[in-house]
Amino acid sequence: MQFAAFADRAAELEAEPADLETVSLVAALFRAADTDELPVIARFLMGRVFPGWDSRTLDIGPRLCYAALAKAAGTNVTADDVEERLADEGEIGVVAAGLDLGGQQGLAAFAAGGGDAGGDDGPTLAEVDDALREVAAAEGAGSEDTKLATLFGLFSRVSDDEARYLARLVLGEMRLGVGEGTVRDAISEAFEVDAELVADALQVSNDYGLVAEVARDEGEDGLSEMGLTVGRPVQSMLAQAGTVTGALESWEEVAAEIKFDGARVQLHHHPDGIAPPAAGREPTPDDPTVRLYSRNTSEVTDALPEIREFAEERLDAPAILDGEVVAVDDDGGPLPFQEVLRRFRRKHDVDRMREEVELELHAFDCLLDGRAGDGTDGGEGADLLDSPFRERHDHLTDLLPDAASEVLYSDDAGEVEAFEQEALDAGHEGIMLKRPASTYTPGDRGQDWLKRKPDVETLDCVVIGAEWGEGRRANEFGTFLLAVGADEGYETVGKVATGITDERLAELTELLEPHVVSEDGQTVEFRPEVVFEVGYEEIQESPTYGAGYALRFPRFVEVRDDKTPADADTAERVERLAGGVDGEDDA
Ligand code: AMP
């Protein structure tokens, strides 16, 4: 496929506001792709040249891109001109499309070192992909020149429409409105496979191109066989804020762990070595047996030699572990997060910094244990994503006993609170709560992992208004307006929408609806009757609310049906809390 045809489709996608139509357009594009082009199309649509697990980047600074565009535009345009136009237009695609690069096609054929002058109908998708991979591979002295020459070669072969999408691709700003969900549904539609299977395959492979290919060539069977691969990091599972009582209510039992204040790391180990992604070959004994990746799946192995050595000494089977790297003081106590940052992405002086800041691994999950099942990497039984947390953690403790997090399994809030207090006393940030039966869902910020940061306080606020929800929530309140007692009546201090489950939202709507006194569009006003207990992280001065202060990160805790508005907290107390006045008690 010509890149021009891809650019046409991209323009159509961009002009299409409806999600369903977008899915159909992408599906049609997938079906029209030639055998080898499908993965390239899937990645380009997402603005990527490499799969998500591949740490390579194009490493093209904006100036280099402007310079290449300017050079392709002709002698009277400079990189500064391009930058200036960008400041006016706000978007590189518009600027690139306005440079009339197509006018230079005679020069293009010359620059590209081939093609019959004047007869070039632009690069193919594969040519663009190859050229960008070349750009990514250029390193060392003279690499900037190589990159510039390659980009110039591409830009001078393209029409205005192609230039728009090529420039965006080069700068990683594709923004076609094609998200992960669209690609998932389009793969499902194009190759008639179950969307859930596609979603699972995307999670374990972190590779849109590969999943599209497998769906096309091997169908649902192929998709369900896709598993984790050592050397291909997946997205980290993420956490939401939550409470101990909420967690116990929904799960009955929690797995509580220390929340380590460091940097997320995914550790991959393979005794046969892990080849670098760019090599495209089987590993050799010279390849490292351990590679480390950040939360965004970029490789950080070289910055963390002691973590690598630690794992090398202890692991012998293939493994993928999830954890946190923290900086520690001489007594092994945790140091603030900033200390880890001094080490984490460092490329130079690693050895010197290693002397200054000592790092330690706290592993808290095991995604793959090569000793399990049939013992092959990623084979039957080794991939633990679908196993419950408790089981994965047992694998972890077994594999790496001296770095595995300690877990308290408990159904008792008091016990968990005591555990939290111990963690805080030891200098940690707080605790994490995990559902013991939960699977590992890469990239998901779901309800199964909760971070419980200690609330400074909770406040009892009067609910004096709300906004109706949207879409399928149109019949329920979405956001509640909070107030505290003032000299006369009530003054607002913020709005709360988080910490409320779907079920709870329905109950709250039922509870509050009888108190509506007026309604204006989406907004309603309540008679002050109901008191919410609300947690928050801090209180800041704010002109937005009547009390002159706003709760930051307010979180619904409970309805205080034992309190009337007269018992609610007051503006005076809010002011005192904001000022951190000594002697503030827990009235
Ligand atoms: P936050 O960055 O505040 O959203 O908190 C979630 C992050 O806490 C995770 O992404 C991890 O990097 C980190 N973390 C620290 N300790 C743990 C733990 N025991 N389990 C999971 N995540 C943890």
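Computed from a predicted model, the values in this text were never measured in an experiment. In each ligand, atom 1 is the first atom listed, and ligand 1 is the first ligand listed.
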Among E429, E324, R264, closest by heavy atom to atom 10 (O) of ligand 1 is R264
For E476 and T509, which I'm curious about, is there any donor-acceptor pair between the side chains at under 3.5 Å?
no
Under a 4.0 Å heavy-atom limit, does [X] contact ligand 1 with its side chain, its backbone, both, or neither?
{"X": "I258", "answer": "backbone"}
{"X": "R295", "answer": "side chain"}
{"X": "F364", "answer": "side chain"}
{"X": "K259", "answer": "both"}

Residues Q447, R435; criterion side chain to side chain contact (heavy atoms under 4.5 Å, CB included); working and verdict
CA-CA 8 Å; Q447 291 282 356; R435 185 164 70 85; over 6 Å; no
I'd like to know if D322 and R264 make a salt bridge, using a cut-off of under 4.0 Å between side-chain N and carboxylate O.
yes
Applying side chain to side chain donor-acceptor pair (under 3.5 Å), can you list everything that pairs with E180, at least two apart in sequence or on another chain?
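Side chain to side chain donor-acceptor pair (under 3.5 Å) list for E180, sorted by chain: Y208.
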Which ligand 1 atoms are under 4.0 Å away from a heavy-atom of [X]?
{"X": "F260", "answer": "15 (C), 16 (N)"}
{"X": "M432", "answer": "17 (C), 18 (C), 19 (N), 20 (N), 21 (C), 22 (N)"}
{"X": "E257", "answer": "18 (C), 19 (N), 20 (N)"}
{"X": "K451", "answer": "1 (P), 3 (O), 4 (O), 5 (O)"}

Nitrogen or oxygen atoms of A239 and ligand 1 under 3.5 Å apart:
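No: no nitrogen or oxygen of A239 is under 3.5 Å from one in ligand 1.
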Using distance alone, decide if ligand 1 has a nitrogen or oxygen within less than 3.5 Å of any nitrogen or oxygen in W449.
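Between W449 and ligand 1, no N or O pair is found under 3.5 Å apart.
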Decide yes or no on side chain to side chain contact (heavy atoms under 4.5 Å, CB included) for V244 and F419, but give the supporting numbers first.
CA-CA 11 Å; V244 178; F419 180 78; over 6 Å; no
Looking at E356, I want to see if its CD is surrounded by more than 12 non-hydrogen atoms of other residues, nucleotides or ligands under 6.0 Å.
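Atom CD in E356 is packed in, count exceeds 12.
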Please state whether K434 comes within less than 4.0 angstrom of ligand 1, counting heavy atoms only.
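Under 4.0 Å: yes for K434.
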Distance under 6.0 Å and angle within 45° of ring axis: R504 vs F556
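No cation-pi geometry.
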A cation-pi test, strictly: NZ or CZ of R314 under 6.0 Å from the centre of the six-membered ring of F310 and no more than 45 degrees from its axis. Yes or no?
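That pair qualifies as a cation-pi contact.
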